[in-house]
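First comes the structure, then the notes that go with it.
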Amino acid sequence: MPPCFFLRVFLFTYKEDELMKIIKILGWLLLIAFTIFGILGGLFLIGRGFYELSITLFVLVFLIDFFIINPAGYPYRYMIPALILLFILVLYPIAFTIRTAFTNYGTGHIMTRQEVVERLLVDPIYTYAVDDGLQLKYYVYVRFEGTQPTKDFRVIVSDGENTYITREYKPLKTEAGELILGEAELIKLEESGVRVERQNGMIELINDGGKIFKYFYSPEDPTTFINEEFFKYSILFPTLSKIEFVDSLANRYSIRQNEEGKLLLYGIKHMYKLGLAEVIENGKSVVKTVLINTSTGKPLIEENGTIYDIDENGKKIVVAGYISNYGLKNFTRIFTDPTVSGPFAKIFVWNFTWAALSVLFTFVIGLILALVLNNPNLRGRAIYRSLLIIPWAIPAFISVLVWKNGFFNETYGIFNKFIITKLFGAEPIKWMNDPFWAKVAVLTVNTWLGFPYMMVVTLGALQSIPEDYYEAAAIDGATKWQRFWKITFPLLMTTVAPLLVGSFAFNFNNFVNIYLLTGGGPAMPNTTTPAGSTDILISYTYKLAFEGGRGQDFGFASAISILIFLIVGSLSFINFKLSGSFEEVNR
């Protein structure tokens with residue numbers, strides 16, 4: 001071979017080695033960057049109170065680094081995508097649910113205590129106009145772009161003796177990029193260095209560092225009311241109403257609406273402040289930092305994650321709530337609160353009945369149809385199989401809505417309009433308003449949706465049974481009934497039993513069919529929770545978390561979710577043990 005060939009091979013090999021080195025360096029740099037960002041992200045989440053997510057992230061970063069750096073972990077590198085999904089979509093939600101179950105997290109208790117205290121101290125909502133405070137006149141000036149006003153503004157304030165101007169405000173508290181509280185200093189106009197132009201004694205134009213602001217609105221000037229809508233929705237509500245004006249004596253002023261609907265500038269005070277007070281804690285008198293009502297001077301009371309104020313009659317008034325540890329209260333409430341334990345017990349019993357009957361009906365019907373279709377002498381078996389599998393092939397939510405509106409509608413549904421009233425001459429059945437008939441309806445629909453699956457599974461299991469067994473039994477004189485119970489059913493259950501356990505677990509948490517058909521209704525009487533007669537535990541949990549009439553109760557819903565997990569897990573384990581499922585695999 002010519003020497004140039006070996007030269008080309010050498011150069012190619014050299015370039016390939018260099019390329020691999022570059023790829024490895026880039027890989028290590030990416031791993032270092034991932035680790036740094038992962039650690040910083042975890043620290044950020046800890047600062048925000050997301051402890052479970054931060055721990056999940058730290059463990060995930062550690063495992064990924066370990067699998068990549070350690071040569072012994074090489075086979076596990078291919079599991080990294082699955083590992084990421086496992087931690088984020090499975091382990092973290094489980095940890096978050098467990099943590100939430102021991103808190104009062106829900107409507108009125110969404111924020112942490114620190115966030116609630118900050119809001120009570122700075123939010124303009126928690127302020128009041130001072131009775132003897134000075135009411136000031138104010139005039140708003142807006143910068144224009146062409147003929148269109150902008151949201152850039154200046155405010156002139158007058159107390160009758162002096163004229164003040166506010167320039168750029170200082171944000172004191174923001175949340176998700178939105179202003180919560182801002183502060184603007186009232187500067188005497190002559191000391192501000194701002195140039196103004198007057199007309200008939202009225203300031204018509206402000207020149208602030210080259211920016212021109214024109215007179216736009218004042219509640220005292222009817223000629224500016226044409227601009228009131230833009231002023232309210234573009235300047236006042238988003239920004240100006242959240243700004244407090246502070247003079248040289250530290251007096252504070254803010255725009256408030258009076259009883260006549262006029263937007264005036266009042267002297268204000270914040271309702272609450274931090275201070276030291278003597279409180280009773282664990283039976284002992286201690287001095288600690290508490291929130292104090294600035295108008296009454298009384299300290300606020302905190303109980304079970306709720307902050308109360310005391311009115312002049314000594315009655316407690318709820319001010320705000322925050323997330324706090326609830327201990328086992330969410331769990332004990334299920335059994336000790338009569339308005340909860342009664343509905344919960346009924347739902348619990350119905351949940352077992354619903355799951356067991358659903359499995360029983362679908363399996364029995366599916367088995368009967370499978371035995372018929374397994375007969376080799378039956379003509380048109382392929383057509384029958386195709387027709388009987390249709391309920392399984394159609395999306396469940398479509399079938400449920402068809403049953404709800406086409407069959408079970410109390411006014412024009414097929415059952416009531418044609419069968420019950422015309423054929424039998426009876427009174428229409430209240431499918432959705434009577435607890436018994438509502439349960440019949442949901443079981444009927446679930447059986448319709450579930451029997452094709454059982455039919456297909458059972459048919460496959462039947463075809464796997466050797467014909468020799470039946471021939472030997474027939475020679476021994478066994479009847480068809482004996483052959484079914486002695487051969488078919490035992491061999492069938494060996495294959496189908498694990499699927500029946502899985503079907504029970506699925507129906508135990510079959511939220512969609514219940515929710516779409518009856519919404520869990522009709523409602524149970526004498527309960528403080530949104531419990532319905534056809535609710536199962538999972539739909540009851542959903543209502544507690546998202547549809548409660550008294551608000552959302554994520555803590556209580558999480559406690560019930562844990563109970564559901566323990567129930568389904570325990571039942572599945574017991575069923576697997578009793579049925580001997582997976583016995584062959586274990587051996």
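- Annotation: side chain of Phe556 is not in contact with side chain of Asn104 (no heavy-atom distance under 4.5 Å).
- A cation-pi arrangement is found for Lys316 relative to Tyr308, the charged atom lying closer than 6.0 Å to the ring centre and inside a 45° cone about the ring normal.
- In this structure, Lys269 places its NZ atom where only 12 or fewer heavy-atom neighbours from other residues, nucleotides or ligands lie under 6.0 Å away.
- For Tyr51, the OH atom sits in a loose shell: 12 or fewer heavy atoms of surrounding residues, nucleotides or ligands are nearer than 6.0 Å.
- For the pair Leu263 and Leu236, the minimum side-chain heavy-atom distance is below 4.5 Å.
- Within the structure, ring-ring contact (aromatic ring centres under 6.0 Å, His included) pairs that include any residue of residues 98-122 comprise Phe102-Phe331, Tyr105-Phe554 (at least two apart or interchain).
- Few gaps surround NZ on Lys298; more than 12 heavy atoms of other groups in view lie less than 6.0 Å from it.
- In this model, a donor atom of one side chain and an acceptor atom of the other lie less than 3.5 Å apart for Tyr322 and Glu302.
- Using modelled atom types, one side-chain atom of Ser533 and one backbone atom of Pro522 make a donor-acceptor pair closer than 3.5 Å.
- When the shell of 6.0 Å around CZ of Phe34 is examined, it contains more than 12 heavy atoms from other residues, nucleotides or ligands.
- When the shell of 6.0 Å around CD of Glu303 is examined, it contains more than 12 heavy atoms from other residues, nucleotides or ligands.
- Between Ser386 and Ile389 the shortest heavy-atom distance is O-CG2, 3.3 Å.
- Remark: Lys329 is positioned above the aromatic ring of Tyr326, its terminal NZ or CZ atom under 6.0 angstrom from the ring centre and at most 45 degrees off the axis.
- The backbone N or O of Ile536 lies less than 3.5 Å from no partner atom in the side chain of Asn351, so there is not a single donor-acceptor pair.
- Classification of Glu410 and Lys430 as a salt-bridged pair fails, no side-chain N sitting under 4.0 Å from a carboxylate O.
- With hydrogens and angles ignored, the 3.5 Å screen pairs no side-chain donor or acceptor of Asn313 with any backbone N or O of Lys315.
- A cation-pi arrangement is found for Lys439 relative to Trp350, the charged atom lying closer than 6.0 Å to the ring centre and inside a 45° cone about the ring normal.
- In terms of heavy atoms, Val122 sits closest to His270 at O-CE1, 3.7 Å.
- Residues Val319 and Tyr126 approach most closely at O-OH, 4.1 Å, considering heavy atoms.
- Using cut-offs of 30° and 60° for the angle between ring planes, the Trp392 and Tyr453 rings count as perpendicular.
- With a 4.5 Å cut-off on side-chain heavy atoms, Phe87 and Leu63 count as touching.
- Between Arg333 and Asp553, at least one side-chain N (NZ, or NE/NH1/NH2) sits under 4.0 Å from a carboxylate O, which counts as a salt bridge.
- A salt bridge links Asp535 with Lys543: at least one charged nitrogen is closer than 4.0 Å to a carboxylate oxygen.
- With sequence neighbours excluded, no residue satisfies ring pair (Phe, Tyr, Trp, His ring centres under 6.0 Å) with Phe361.
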Trace of the side chain to side chain donor-acceptor pair (under 3.5 Å) decision for Thr306 with Asn304 = CA-CA 6 Å; Thr306 304; Asn304 297 324; over 6 Å; no
request  = Report the C-alpha separation of Phe565 and Thr97 in whole Å, then their side-chain angles, then the decisive distance to 0.1 Å, and conclude whether the side-chain contact (heavy atoms from CB on, under 4.5 Å) test is met.
outcome  = CA-CA 11 Å; Phe565 170 76; Thr97 300; over 6 Å; no
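- At a threshold of 4.5 Å between non-hydrogen side-chain atoms, the residues Glu115 and Glu175 do not count as touching.
- A donor-acceptor pair is defined here as one N or O able to donate and one able to accept, closer than 3.5 Å; no such pair exists between the side chain of Asn446 and the backbone of Val442.
- Between Phe344 and Tyr540, the angle of the ring planes lies from 30° to 60°, which puts this pair in the tilted group.
- Taking the six-membered ring where tryptophan is involved, the planes of Trp437 and Trp431 are perpendicular, since the angle between them exceeds 60° and thus also 30°.
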task = Begin from the C-alpha positions of Leu300 and Val290 and carry the test side-chain contact (heavy atoms from CB on, under 4.5 Å) through to its verdict.
result = CA-CA 7 Å; Leu300 274 61; Val290 295; over 6 Å; no
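- With a 4.5 Å cut-off on side-chain heavy atoms, Thr174 and Ile180 do not count as touching.
- The shortest heavy-atom contact between Ile420 and Pro428 is CG2-CA, 4.3 Å.
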request  = Carefully, step by step, assess Val440 and Phe436 under the rule side-chain contact (heavy atoms from CB on, under 4.5 Å).
outcome  = CA-CA 6 Å; Val440 171; Phe436 172 77; 3.8 Å; yes
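- Checked by atom type and distance alone, the side chain of Thr495 never pairs as donor or acceptor with a backbone atom of Ala461 at under 3.5 Å.
- We find the CG-CG distance between Leu172 and Leu121 to be 12.0 Å, quoted to the nearest 0.5 Å.
- A donor-acceptor contact shorter than 3.5 Å links the side chain of Thr127 to the backbone of Pro124.
- We find that Asp123 and Arg119 are joined by a salt bridge, their nearest charged nitrogen and carboxylate oxygen being less than 4.0 Å apart.
- Here the shortest heavy-atom pairing between Ile394 and Ser399 reads CG2-OG, 3.5 Å.
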request  = Show your working on side-chain contact (heavy atoms from CB on, under 4.5 Å) between Leu367 and Val496 and close with a plain yes or no.
outcome  = CA-CA 11 Å; Leu367 175 60; Val496 176; over 6 Å; no
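- Within the 4.5 Å cutoff, no side-chain heavy atoms of Thr458 are placed close to those of Leu369.
- No donor-acceptor distance shorter than 3.5 angstrom exists from the side chain of Arg252 to the backbone of Ile268, with no hydrogens or angles considered.
- In the model, Arg256 has a side-chain atom that pairs as donor or acceptor with a side-chain atom of Ser254 under 3.5 Å.
- A 4.5 Å side-chain heavy-atom check between Leu563 and Leu537 finds every atom pair outside the cut-off.
- For Tyr76, the OH atom counts as loosely surrounded, since its 6.0 Å shell holds 12 or fewer non-hydrogen atoms of other residues, nucleotides or ligands.
- In this structure Phe511 satisfies the ring pair (Phe, Tyr, Trp, His ring centres under 6.0 Å) test together with Tyr515, Tyr542, sequence neighbours excluded.
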inquiry  = side chain to side chain donor-acceptor pair (under 3.5 Å) for Thr518 and Thr534? Distances and angles first, verdict last.
reply    = CA-CA 7 Å; Thr518 64; Thr534 57; 2.7 Å; yes
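- Between the side chain of Thr107 and the backbone N or O of Gln552 there is at least one donor-acceptor pair closer than 3.5 Å.
- Between Asn409 and Asn416, the side chains place no donor N or O within less than 3.5 Å of an acceptor N or O (distance only, hydrogens not considered).
- Within 6.0 Å of the CZ atom in Phe506, the count of heavy atoms belonging to other residues, nucleotides or ligands does not exceed 12.
- Put simply, the side chain of Asn258 reaches to within 4.5 Å of the side chain of Tyr266, judged on heavy atoms.
- Using modelled atom types, one side-chain atom of Thr294 and one backbone atom of Met271 make a donor-acceptor pair closer than 3.5 Å.
- Taking the centre of each ring, Phe352 and Phe508 come in below the 6.0 Å mark.
- The distance from the OH atom of Tyr169 to the CG atom of Leu181 is 11.0 Å, given to the nearest 0.5 Å.
- No donor-acceptor pair under 3.5 Å is formed between the side chain of Thr527 and the backbone N or O of Met524.
- Summarising the geometry of Thr150 relative to Ile235, their closest heavy-atom pair is O-CD1, 4.3 Å, with the distance given to 0.1 Å.
- The residue from Val349, Val359, Ile514 that alone fulfils the side chain to side chain contact (heavy atoms under 4.5 Å, CB included) condition with Trp354 is Ile514.
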